[in-house]
Amino acid sequence: MNNREIAGLLRAVSAAYEIKGENVFRIRAYDSAADSVDQASREVKDLWEEGKLTEIPGIGPNIAGHLEELFKTGKVKHFQEVFKEFPPAMFELLDVPGIGPKSAFKLTKALGINRAEGATQNLLQAAKTGKIRMLEGFGEESELQIIKGLEEFSRREDRMLLTAATQLAEEFVSYMKKEKACLRVETLGSLRRRAPTVGDLDLAVATRKPEQVIKAFTSYPGVKKILAAGDNTARVIHTSGRQVDVKTQTPQGFGALLQHFTGSKAHNIHLREIAIEKELSLSEHGIKKGEKLTEFTSEEKFYQAIGMKWIPPELREDSGEIEAAQKDTLPKLVELKDIKGDLHLHTNYSWISSHDAGVNSMKEMIEKSVKLGYEYVAIGDHNPSTNSYSPDRIVAEIKERTRLLEDIKYSYENKNTTRAIKVLNTLEVDILNNGKLAVPDEGLSLLDFVIVSIHSSMRMGKDQMTQRILSGFSHPKAKILGHPTGRLLNKREGFEADWDTIFRFAKEKCKFIEINSWPSRLDLPDTLVRRALQFGVQLVIDTDSHASEHMELMRYGVDVARRGWCVKSDIINTLSYAKIIDRLLK
DNA sequence: GCCGTTTTCGGCCCGACTGTTTTCAGTCG
């Protein structure tokens with residue numbers, strides 16, 4: 001059972017307890033345990049094997065005992081006992097927008113929908129035949145809401161990639177900025193925290209005329225449906241099917257609004273607990289002491305008022321940032337402008353490549369690097385296909401490519417102008433199933449360094465995969481482990497490996513782990529980035545570009561690094577050329 | 001059910017919006 005499934009189970013228990021009228025704090029305990037599991041940097045099952053279950057915040061002796069039983073026997077008797085009173089269909093409805101535990105229970109019970117299979121279809125059928133409006137506590141409006149909710153549920157897509165969310169946000173922000181009543185417009189939520197994927201889009205507007213802002217927002221041509229519109233907030237569905245929320249606040253109170261809706265939920269709950277000790281109450285309106293509300297124009301002042309430094313949004317996940325802000329020990333996070341070169345690119349160089357080639361020439365990729373103001377760039381490609389070439393031929397191909405690159409490189413490295421740039425010769429080389437590299441030593445020796453990656457047999461067992469990676473990574477020329485977990489957001493989980501062992505190895509052998517900036521990768525994931533830092537590992541942020549314009553995606557890799565608490569010195573491609581070749585070529 | 005550098009008992013985050021209610025419950029973030 002993976003973390004997502006475990007979190008789902010804990011949420012189901014919470015829902016069941018809610019209907020049973022259990023103690024609200026017990027209900028909340030299961031919810032917060034679920035959130036905590038969702039956010040864990042390691043598999044909960046692994047932590048259990050190491051006897052560290054209760055080190056997960058929100059998991060105490062009781063839930064730990066249940067999870068222990070789950071891992072040992074595959075089920076939890078107590079949970080099964082709890083679930084027994086409820087129609088299995090109920091738990092299927094919990095993910096439908098607008099339906100919470102109470103409604104899910106009432107509906108399934110009253111309509112006799114029992115089976116989990118087809119639960120949502122059966123509910124839709126009941127709604128469309130007017131059965132729901134007859135039930136006590138429901139009416140015509142709620143029946144309509146349920147139909148809408150079910151329709152949204154059935155066509156619900158994955159969470160947006162951060163790139164898509166950024167674009168959609170820009171569309172709304174530029175529209176809202178044209179409305180005179182909007183004094184400031186900012187993004188909120190997971191987008192502002194630069195999370196790898198974003199569910200709903202949240203916007204904040206500073207205004208003295210909220211009604212005008214809400215009107216402008218809900219009448220945006222890209223709005224397909226208005227879900228809610230109050231005095232100060234509104235919620236709509238964009239034509240793309242995405243939900244977009246707007247919240248308004250006066251300029252005097254804008255800092256508190258930004259803070260509140262940037263979240264995360266766990267971060268805010270922790271802040272409010274701290275505030276209570278100071279007899280303060282936090283909300284999106286400001287900070288209350290007794291009945292007296294103090295407003296804040298900026299987040300900096302808001303955080304200051306509760307005794308801590310301003311916290312960069314990327315860190316607001318309640319994973320130690322609040323304590324660090326109180327002690328003024330927050331890291332100075334790496335920034336895009338610190339990056340001095342891209343080390344993982346692909347060109348259209350003509351050999352039969354093991355994987356997709358790029359679309360631009362070596363020269364075009366170098367030109368783009370110059371435009372981005374880089375000091376150096378490593379020109380790479382996938383290794384020649386082992387299916388199409390003999391080992392000798394692979395070496396010959398690399399010789400030929402190296403010769404060509406030397407010529408191009410000469411013209412750039414000797415330019416006595418601002419267009420000068422240092423060029424490195426690299427390849428992304430497959431780590432084969434047996435742990436060997438897909439290029440013979442003689443071929444590797446022609447290169448400055450290589451990036452080694454897994455592109456096949458990703459379902460290998462954890463121990464075998466770990467050994468495979470260590471074996472490939474241990475070659476003296478192998479300096480960077482590319483897109484380490486192999487995950488593809490919304491498509492494929494990363495493969496299993498013992499990351500602690502790999503990080504320990506990387507630290508000891510002076511090897512580097514990649515943060516791949518490709519929007520559907522963002523790999524190493526931020527939680528593992530933070531883990532790597534604990535082992536003293538240095539990382540490299542690359543774009544893995546297959547076209548020159550992809551090189552502009554570097555900021556997304558920087559986002560990941562920032563969420564992983566990286567400072568400049570944790571990232572090797574912030575180093576000068578003289579220093580980085582010392583790391584890569586030695 | 002969790003948690004503790006004042007506590008191992010007695011606390012536990014805050015508010016907006018909606019619909020179906022005659023004053024509040026449910027859901028959401």
Is there a residue in [range] whose heavy atoms reach under 4.0 Å of DNA chain B, and which residues are they?
range	result
residues 275-287 of chain A	A/Ile276, A/Ser281, A/Leu282, A/Ser283, A/Glu284, A/His285
residues 80-90 of chain A	none
residues 18-33 of chain A	A/Asn23, A/Phe25, A/Arg26, A/Arg28, A/Ala29, A/Tyr30

Quick one: does any side-chain atom of [X] pair with a main-chain N or O of [Y] as donor and acceptor, under 3.5 Å?
X	Y	value
A/Thr73	A/Leu70	no
A/Glu179	A/Ala181	yes
A/Asn490	A/Arg159	yes

> Does A/Thr233 make a side-chain N or O approach to OP1 or OP2 of B/dC17 shorter than 4.0 Å?
Replying inline: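 Checking B/dC17 against A/Thr233, a side-chain N or O does come within under 4.0 Å of OP1 or OP2.
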>> Could you work out, with ring-ring contact (aromatic ring centres under 6.0 Å, His included) as the rule, every residue matching A/Trp499, not counting sequence neighbours?
In response: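 Counting only residues at least two positions away or on another chain, A/Trp499 forms no ring-ring contact (aromatic ring centres under 6.0 Å, His included).
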> Taking only residues two or more places apart in sequence or in another chain, which ones pass ring-ring contact (aromatic ring centres under 6.0 Å, His included) with A/Phe83?
Replying inline: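 By the ring-ring contact (aromatic ring centres under 6.0 Å, His included) rule, A/Phe83 matches A/Phe91.
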Pair up each side-chain donor or acceptor in residues 306-314 of chain A with any protein partner under 3.5 Å, not counting sequence neighbours, and list the distances.
unit_1: A/Trp310; atom_1: NE1; unit_2: A/Glu299; atom_2: OE1; d: 2.9
unit_1: A/Glu314; atom_1: OE2; unit_2: A/Arg562; atom_2: NE; d: 2.6
unit_1: A/Glu314; atom_1: OE2; unit_2: A/Arg562; atom_2: NH2; d: 3.3

>> Strictly by ring pair (Phe, Tyr, Trp, His ring centres under 6.0 Å), give each pair with a member in residues 3-25 of chain A just once, sequence neighbours left out.
In response: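 Qualifying pairs: A/Tyr17-A/Tyr30.
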>> Considering only residues two or more places apart or on different chains, which pairs with a residue in residues 144-186 of chain A satisfy ring pair (Phe, Tyr, Trp, His ring centres under 6.0 Å)?
In response: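 Listed by first then second residue: A/Phe172-A/Phe217, A/Phe172-A/Tyr220, A/Phe172-A/His238, A/Tyr175-A/Tyr220.
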> Can you tell me how far P of B/dT27 sits from CG of A/Leu227, to the nearest Å?
Replying inline: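 Distance check: A/Leu227 CG to B/dT27 P gives 16 Å.
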>> Nearest whole Å is fine: how far is B/dG15 C1' from A/Glu291 CD?
In response: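 To the nearest whole Å, that distance equals 14 Å.
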Apply salt bridge (charged side-chain N to carboxylate O under 4.0 Å, His left out) to [X] and list each qualifying residue two or more places apart in sequence or on a separate chain.
X	value
A/Glu143	A/Arg133
A/Lys327	none
A/Lys20	A/Glu85

Just the table, please: protein N/O against nucleotides 21-26 of chain B N/O, every pair under 3.5 Å.
unit_1: B/dG26; atom_1: OP2; unit_2: A/Lys102; atom_2: NZ; d: 3.1
unit_1: B/dG26; atom_1: O3'; unit_2: A/Ser103; atom_2: OG; d: 3.2

>> Please verify the inter-ring angle class for A/His66 with A/His78; under 30° counts as parallel, over 60° as perpendicular, anything in between as tilted.
In response: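 Taking A/His78 first and then A/His66, their aromatic rings lie parallel (interplane angle under 30°).
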>> With the 90 degree cut-off around zero defining syn, does B/dT21 come out syn or anti?
In response: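 This nucleotide is in anti.
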